[in-house]
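Within every chain, numbering begins at 1; the chains are lettered A, B, ... in the order of the sequence lines, protein sequences first and strands thereafter.
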Amino acid sequence: MFTDTSICIGCKACEVACKEWNQLPGNEPEYRNDSFDNTGELDAQNWRHVKFIDRVPEAPMTTGNGQAWLLMSDICKHCQHASCMEVCPTNAIIRTEFDTVYIQPDVCNGCRDCIAACPYGAIGFNPKDGLAHKCTFCYDRLQANMPPACAKACPTQSITFGPLRELHKKADERVATLRAQGYDQAQLYGRDASVYGGLNAFFLLMAEPEVYGLPNARNAVLPRRNNRGGYLGVLVSAALAMVAGIVALRRRGSDTLQDTTPGEGS
Amino acid sequence: MAEHFVHPPHWEAYIVTYFFAAGLAGGCYVLATLLSLTGYPEDREPARLGFLVPFPLVLLCALVLTLDLGRPWLFWHMLVNATPGAGGLNFKYWSPMSVGAWALLLFGVFSFVSFLGALPWARRPGPLAGTAGRAWMIAGALLGLYIASYTGVLLSVSNQPVWSDTWTLGGLFLASGLSGSAALLAWLVRRRAAAGSPATSWQRLLTADGYFALIELLFIVLFFVSVGFAGTLGVAVRGAWLVAWILVLASLVPALAELGGRRGLVHAGSGPLLVLAGVLLMRIAVVISAQM
Amino acid sequence: MTNHWRDIKNADLILINGANPAEAHPVGFQWFMHAKLDPTKGPGRGGGAKIIHCDPRFSRTSAVADIYVRIRTGTDVAYFGGLINYVLQHNLQHATYVAHYTNASFVVKEGYGFHDGLFSGYDPATRTYNPASWAYEKGPDGFALRDMSLQHPRCVFQLLKAHYARYTPEVVSEITGIPVEDFLKIAAVVGEMGRPDKVMTIVYAVGLTHHTTGSQLIRSGAVLQLLLGNMGRPGGGMNAERGHANIQGNTDHAISWEILPGYLAVPLPGDDTIDAYIAKHAPKKLDPHAWNFFGTNYKKFLVSLLKAWYGDHATPANDFAYAYLPKPEGNCSWLSIYDAALRGKMEGIILSGMTATSIGPDSNQVLQALARLKWLVVMDAFPTTSSEFWHAPGMDPTAVQTEVFLLPTTHWIEKDGSFTNSGRWVQWKEQVLPPQGQARHDHWILADLLHRVRDLYQREGGAFADPVLKLTLDYKDPLHPTLDELAQEINGKDLTTGKRLATFAKLKDDGTTSAGDWIYTGSYPEKGNLAKRRNGVQDPAANDPTGMGFYPEWAWSWPLNRRVMYNRASADLDGRPWDPKRPGIVWNGERWVGDVPDYPPTMSPHDPNAWLPFIMTGEGVGRLFSNSLLDGPLPEHYEPMESPIVNPLHPAVSASPVAFLYDRAAGRLDRFGTPDEYPIVATTYRLTEHEHYVTMQIPRLVQLQPEPFVEMPAGLARERGIANGDWVRVRSKRGMIEVRALVTNRAGQLDLGGKKVWQVGIPIHWGFIGVAAEKHPDRAQHWLANALTPFVGDANARTPEFKSFLVQIEKVS
Ligand SMILES: Nc1nc2c(c(=O)[nH]1)N[C@H]1C(S)=C(S)[C@@H](COP(=O)(O)OP(=O)(O)OC[C@H]3O[C@@H](n4cnc5c(=O)[nH]c(N)nc54)[C@H](O)[C@@H]3O)O[C@H]1N2
Ligand SMILES: Nc1nc2c(c(=O)[nH]1)N[C@H]1C(S)=C(S)[C@@H](COP(=O)(O)OP(=O)(O)OC[C@H]3O[C@@H](n4cnc5c(=O)[nH]c(N)nc54)[C@H](O)[C@@H]3O)O[C@H]1N2
Ligand code: SF4
Ligand code: SF4
Ligand code: SF4
Ligand code: SF4
Ligand code: SF4
Ligand SMILES: [Mo]
């Protein structure tokens, strides 16, 4: 799936289509004081979320240039190297025959480790059913040979679905055109392996990834990286503590125990 | 600078309770083992106490962990792969939660057996005496070390701000767990002292506590430094959390004073409790502040 | 639309004024994006079509536009006027096109003039023009005089040049608030579009129509397009994005009071016979080479319509029942109806699919108007602000004597039938859901009502019963007609053979043909309902042979399945396309090929008697200068009725001199605010997330935009001590709303020649009905955006001035 944010119009049709298809009732309505965004974030009820990044300058301006109000429809990235999948202790998160990352609702037990891990905040917990939820890449639709609901609904074809190779080609062409038009910051995100081994849901961005709330290549790291350091810290701590414990507790030569009295301290 | 865009997993009271209880369970087992293996004969009684503590705590751990799950009755999915058609056991050495589930189970077995052996009416020396017993204790203690520390690693093996920005949490949790355990045992032993147990056990436990507190202090410093380098120190110490950390540091004072020979500070009875409170507060500070 | 949605992909430049297509027409907006993504399109050497969005607010359309400029509401005539001036001053017009395809060469009568803001013929007492002096100088043959050199001082070209010479970049800037250098940047790109190998489309919607100068705002864009030679060409045109999914169909079938189906004029008192009516309303041939197709066939269309309505009762002997047609004495537009109700002159109103209370203007006054009715019928799928008006917050139910009936009707999703989109494509849809609950179809309710009224007339008699008694209801079940039967009736047939017709060219004025709407004749010929055709992108090569996106076998578009109107103008004098890459129709030596030609299919361009390209007008060419509007032959900038400044062009005639002032005419107080009391300019608009007042019933959409707000500039908020999310009170001379402040730089300040003015935007979707209102009953009392808007409309169409008014804003604690 390729999301070209340069032609996204923030209509939220993707959000609604996803809810309709996946029968998600959505959260209680809440006015959020945030541009036109009243959805807030990806969560158990919102598997698509359109971000509105308002950078419109105060002075009247002639050039919107597609960079003043960034609209971006966010989604689980279906990472090649998926943090969520890495940590999930139940193996509820699997890679499907379509190379997508899918949480099996009947296997998940709601430990939420995946939520702690997903660097994109793509997973949410539904207290009603006790499960972690995220975009399924419309697993059921793919099985029936239908495109994902959000891609189908997107009026500007900002979201396109197809074989990755074709999408990559299309995206490369598009970014080249934009660059030629002087959009130096136009870039593909997740097209190559630099973030999480490549994203099956990748993006064309009009500014640096951080602006959109996406980790850049340097920050796109997997949770397991911290095993080594973490356990090393444990080893150091354990070694020090064991030495200290032995030193403190061990039997010391001819020490006798008579010189101190039990009872209340003075 | 590390930038994070994750959502918090909402690990709250249950998880903090678990981290606390696991630190004490593992720590007590380790200390009991140390006392058994290296201490005076008089330490046998304190060691027995030390072996009595972990199992109830493990039960508590299992309880809160299960309660924390969205689907508690599916806790066994941690161990058995329930994916249709897959079958087999779940074990992912790179996922501390997965390893931890097994470790907790095994530790449960060890602590249960040791608990039985430590019951006042148990036959002594039980089947766990001798070399076999020692091996058993050492194995249990290694598990105890793991149980007391992996929770910190588990936090780090994520993409959360603070947690994933430092390698120190496992070590920190271990030192603090041991410190808390030493204080707890010292306190228990002292309460039993009237019944004739040797006075110096608890004093040496307090000395050990002093060392553990020192290690903990070292790790706290390392924690702040590493998180500082990652650029997320502000998350860890913002607002009330700064006060929490000051209190945590304050809670180290009695134990550290022990090393300086200022035993009086701790003898005030509530000293060990203060240490325990610090152990809990530190976990709260680490676990909750990063999720807000 | 002169063109159609898909055609927008053919443009090099897309000028969007008074429209927010990304939000109000998101699906159609894909074609804007296609143009933008196409590297072969665009000004200069291409690299993607450019989008210029000119709007008071930076919207989701602006977000993807290449150039956005902030404009003061109601001033687009100045903007287009400035562009016209720029083109003329720099000689950038498409010279051949202008000379041969527009009325630039036509000489206007002596006596025409424009002074101090008034065209010749103004009568201040009635606030109307007598357009007699806006006519052409006639030659001895009775046709208009032309000067093909365009030098005659009274030829349209010279008049145009003189008229717009006043619209210098500086003046444009002072009126619109667009900085001079920004305006010039746009003018330079637009100026390129007069080249034959370039083409620009102008897209507009109700941001232009909702003004007292609405019709002229649109005409000013059309004049620019004619000068640049962009009318009739793929990728060009003057394109109105229409409203509700079927508002185009509504208009075609005469939802406006002043037209009959197919844009035939409603007869007026004095038009006593068909011939008198034709003499008055049918366009007259003004040039020997003008086909004047409409004028020539007007009578055939009218007689066929009367045959469809009155069947055998319409005979040559009774002038085809022409007498049965109502001949309204006065204006019957929306505003006039509620004004009459307010004056106690209305007995009752039937509202079907329209909620008067919300759609305003001046909702409080509309509520009063409804309260003076004897009865009100609301046909709707939901309770509306109108069906519940009598117990609306602030109303005293005991004081309202109106008897209200709510008839549950099916929603369009519960019936089949056709939608006609903005591009005139008639597309048949299927029923999605069966009727829910007790809902009945609108057309069944109306059929039932007609039968009951008829029974009453039959039993009790009454004055002039024939128009009701003699209506034909030639359906299998007259109480339950199917929409398929209606579609066939609209298409019309040859009454001698009973066969449905394939073209309106076959319609006759002798009573042997019928057609419910002549422009739809051909949509349902004997071979079937063409609106159901779906040969589209499954096979573009076969279904779009020209590659211009005509897809002639997808549905059917009026007239005659033509996709681009006036397409003869897409080819040069020899019948070759102006731009070979973008052919509309092409003369292949024997016939016109490509789109369905807007021209006799085999008429050679070299035929000395060849018709001029614009077959519908009496001139045979496009009108730069037109006497068909009530407020002037050339678009002129007038300030909105409520304006922060006095018109710099002619301070004495600041606002439209001919806008009808209802309050004043009815003896009520004029309620227009002044800038000292109400210094902030406001406009109203739609949000993607909602459809008017219906979707407040749809939880999933309420989640997306739960509460009403006013979009206000950060600077203004600072000035007033208002923070993002605060509740604020917005007041106008007529009423107030209490909504959230959405503080943003997307709204902003205007510099009008040194005078700084704030401008804010208010979305229209809230009221005291719906999910959000139920959640906040206390707050929802003041959520009707139209509580603010003025009760005044366009001088021609009387479309209300929803889009420019003055307000004051303060924080509510
Ligand atoms: N989502 C959604 N789509 C809709 C509808 C809906 O309710 N919701 N309604 C449908 C209907 S009935 C209609 S008529 C169409 C209307 O479609 P639009 O006309 O596109 O809708 P609006 O938002 O009313 O107004 C368009 C823009 O005009 C701007 N504007 C106001 N005054 C001026 C002016 O003087 N000059 C210029 N240049 N711009 C001005 C406003 O800021 C606004 O951005 O939308 C249709 N589509
Ligand atoms: N201030 C301000 N006011 C405006 C505008 C503005 O821009 N600014 N825009 C104006 C414009 S362009 C328009 S079009 C109006 C829109 O005003 P309306 O047309 O009144 O608005 P809707 O809410 O779309 O439709 C009215 C009702 O039609 C019902 N309905 C839907 N389908 C059917 C059906 O098949 N049969 C029947 N009987 N009912 C049905 C719906 O339930 C709804 O209650 O608002 C106008 N008012
Ligand atoms: S985006 Fe998050 S939830 Fe989706 S696959 Fe990647 S890590 Fe997993
Ligand atoms: S919440 Fe479910 S999917 Fe997520 S890590 Fe836990 S078991 Fe796996
Ligand atoms: S792919 Fe399917 S599940 Fe995922 S966001 Fe799109 S519609 Fe929702
Ligand atoms: S549907 Fe497409 S255009 Fe609309 S918000 Fe989603 S991605 Fe953007
Ligand atoms: S609501 Fe319907 S008519 Fe309007 S843009 Fe969407 S699909 Fe088109
Ligand atoms: Mo409309």
Side-chain angles (χ1 to χ4, degrees), chain A residues 4-13 15-17 19-20 24-39 45-46 50 52-71 153-158 170 173-174 176-178 180-182 206, chain C residues 21-23 25-30 32-34 36-37 39 47-48 51 53 58-70 177-179 181-182 185-186 687-689 699-707 709 713-715 724-725 740 742-746 748-751 771-772 775:
Chain A
D4 180 349
T5 70
S6 73
I7 51 171
C8 171
I9 52 174
C11 68
K12 309 182 192 169
E15 277 189 27
V16 177
K19 289 207 188 85
E20 286 286 342
L24 301 171
N27 298 319
E28 265 297 293
E30 183 193 348
Y31 183 82
R32 285 176 185 266
N33 276 336
D34 179 16
S35 212
F36 278 174
D37 182 12
N38 295 294
T39 303
Q45 297 292 336
N46 297 287
V50 184
F52 292 80
I53 300 147
D54 188 345
R55 310 195 297 174
V56 179
E58 180 142 15
M61 43 180 301
T62 42
T63 44
N65 263 343
Q67 284 169 307
W69 196 14
L70 302 175
L71 312 175
C154 175
T156 60
Q157 286 145 40
S158 169
K170 188 174 141 177
E173 285 166 10
R174 175 75 182 127
T177 312
L178 282 167
Q181 291 174 7
M206 295 299 279
Chain C
E23 303 197 41
H25 300 87
V27 175
F29 199 69
Q30 66 185 294
F32 296 63
M33 290 293 130
H34 278 285
K36 194 175 151 90
L37 293 178
I51 299 177
H53 189 215
F58 189 99
S59 71
R60 279 173 265 206
T61 301
S62 329
V64 290
D66 298 275
I67 298 183
Y68 162 77
V69 275
R70 182 180 293 148
I178 301 172
E181 59 280 17
D182 293 349
K185 214 184 277 178
I186 293 172
L687 293 168
T688 313
E689 291 88 341
R700 281 207 180 105
L701 298 176
V702 173
Q703 284 161 1
L704 300 181
Q705 288 288 7
E707 285 170 21
F709 55 83
N724 192 19
R740 300 264 199 181
L742 176 60
V743 177
T744 164
N745 286 331
R746 302 193 306 267
Q749 196 171 42
L750 299 159
D751 183 342
V771 177
K775 227 179 133 193

| Residue pair A:Thr39, C:Leu704: steps toward the side chain to side chain contact (heavy atoms under 4.5 Å, CB included) verdict | CA-CA 6 Å; A:Thr39 303; C:Leu704 300 181; 3.9 Å; yes
| remark: Among C:Val702, C:Thr688, C:Asn724, C:Ile51, the residue with the most heavy-atom pairs under 4.5 Å to chain A is C:Asn724
| query | For C:Leu687, is it the side chain, the backbone, both or neither that has a heavy atom under 4.5 Å from a heavy atom of chain A? | reply | side chain
| request: Name the region of A:Asp37, side chain, backbone, both or neither, that has any atom closer than 4.5 Å to a heavy atom of chain C. | output: neither
| field | Where A:Val56 and C:Arg746 come nearest, the two heavy atoms and their spacing | value | CG2-CG, 3.8 Å
| task | Using non-hydrogen atoms and a 4.5 Å limit, figure out which bit of A:Leu24 sits close to chain C: side chain, backbone, both or neither. | result | backbone
| query | For A:Cys8, is it the side chain, the backbone, both or neither that has a heavy atom under 4.5 Å from a heavy atom of chain C? | reply | backbone
| Between A:Thr156 and C:Pro26, which heavy-atom pair has the shortest distance, and what is it? | CG2-O, 4.5 Å
| said: Would you say that C:Gln703 contacts A:Asn27 through its side chain, given a criterion of any heavy-atom pair below 4.5 Å between the two side chains? | reply: no
| Looking at C:Ala63 and A:Trp69, what are the two nearest heavy atoms and their distance? | CB-O, 3.6 Å
| query | What part of C:His34 is in contact with chain A, defined as an atom under 4.5 angstrom from a non-hydrogen atom: side chain, backbone, both or neither? | reply | side chain
| remark: Taking every heavy atom of A:Tyr31 against every heavy atom of C:Gly725, the minimum-distance pair comes out as CE2-CA, 4.5 Å
| What do the steps show when you test C:Thr744 against A:Phe36 for side chain to side chain contact (heavy atoms under 4.5 Å, CB included), and what is the final call? | CA-CA 11 Å; C:Thr744 164; A:Phe36 278 174; over 6 Å; no
| task | With a 4.5 angstrom heavy-atom cut-off, could you sort out which part of C:Phe32 is near chain A: side chain, backbone, both or neither? | result | neither
| Any side-chain heavy atom of A:Glu173 sitting closer than 4.5 Å to one from C:Pro39? | no
| request: With a 4.5 Å cut-off on heavy-atom pairs, point out which of A:Ser6, A:Ser35, A:Ser158, A:Ala153 contacts chain C the most. | output: A:Ser35
| Is the backbone of C:Arg700 close enough, under 3.5 Å, to the side chain of A:Lys19 for a donor and an acceptor to pair up by distance? | no
| field | side chain to side chain contact (heavy atoms under 4.5 Å, CB included) assessment of A:Ile9 paired with C:Val64 | value | CA-CA 7 Å; A:Ile9 52 174; C:Val64 290; 4.1 Å; yes
| Under 3.5 Å side-chain donor-acceptor pair for C:Gln705 and A:Asn38 | yes
| field | Rounded distance [0.5 Å steps], CD in C:Glu707 versus CZ in A:Arg32 | value | 12.0 Å
| Steps toward side chain to side chain contact (heavy atoms under 4.5 Å, CB included) verdict (A:Val16, C:Leu701) | CA-CA 8 Å; A:Val16 177; C:Leu701 298 176; 4.1 Å; yes
| A:Ile7 versus chain C, heavy atoms under 4.5 Å apart: side chain, backbone, both or neither? | both
| query | Between C:Ser59 and chain A, which part of the residue has a heavy atom less than 4.5 Å away: side chain, backbone, both or neither? | reply | backbone
| query | Of all heavy-atom pairs between C:Val27 and A:Pro155, which one has the smallest distance, and what is that distance? | reply | CA-CB, 3.7 Å
| Winner by heavy-atom pair count (cut-off under 4.5 Å) against chain A, out of C:Asn745, C:Ile178, C:Leu742 | C:Asn745
| request: May I ask you to test the A:Gln157-C:Gln30 pair for a side-chain heavy-atom distance under 4.5 Å? | output: yes
| Atom NZ in C:Lys36, atom OG1 in A:Thr177: separation rounded to 0.5 Å? | 11.5 Å
| said: Using only atom types and a distance under 3.5 Å, with no angle test, would you say the side chain of C:Gln749 pairs donor to acceptor with the backbone of A:Glu58? | reply: no
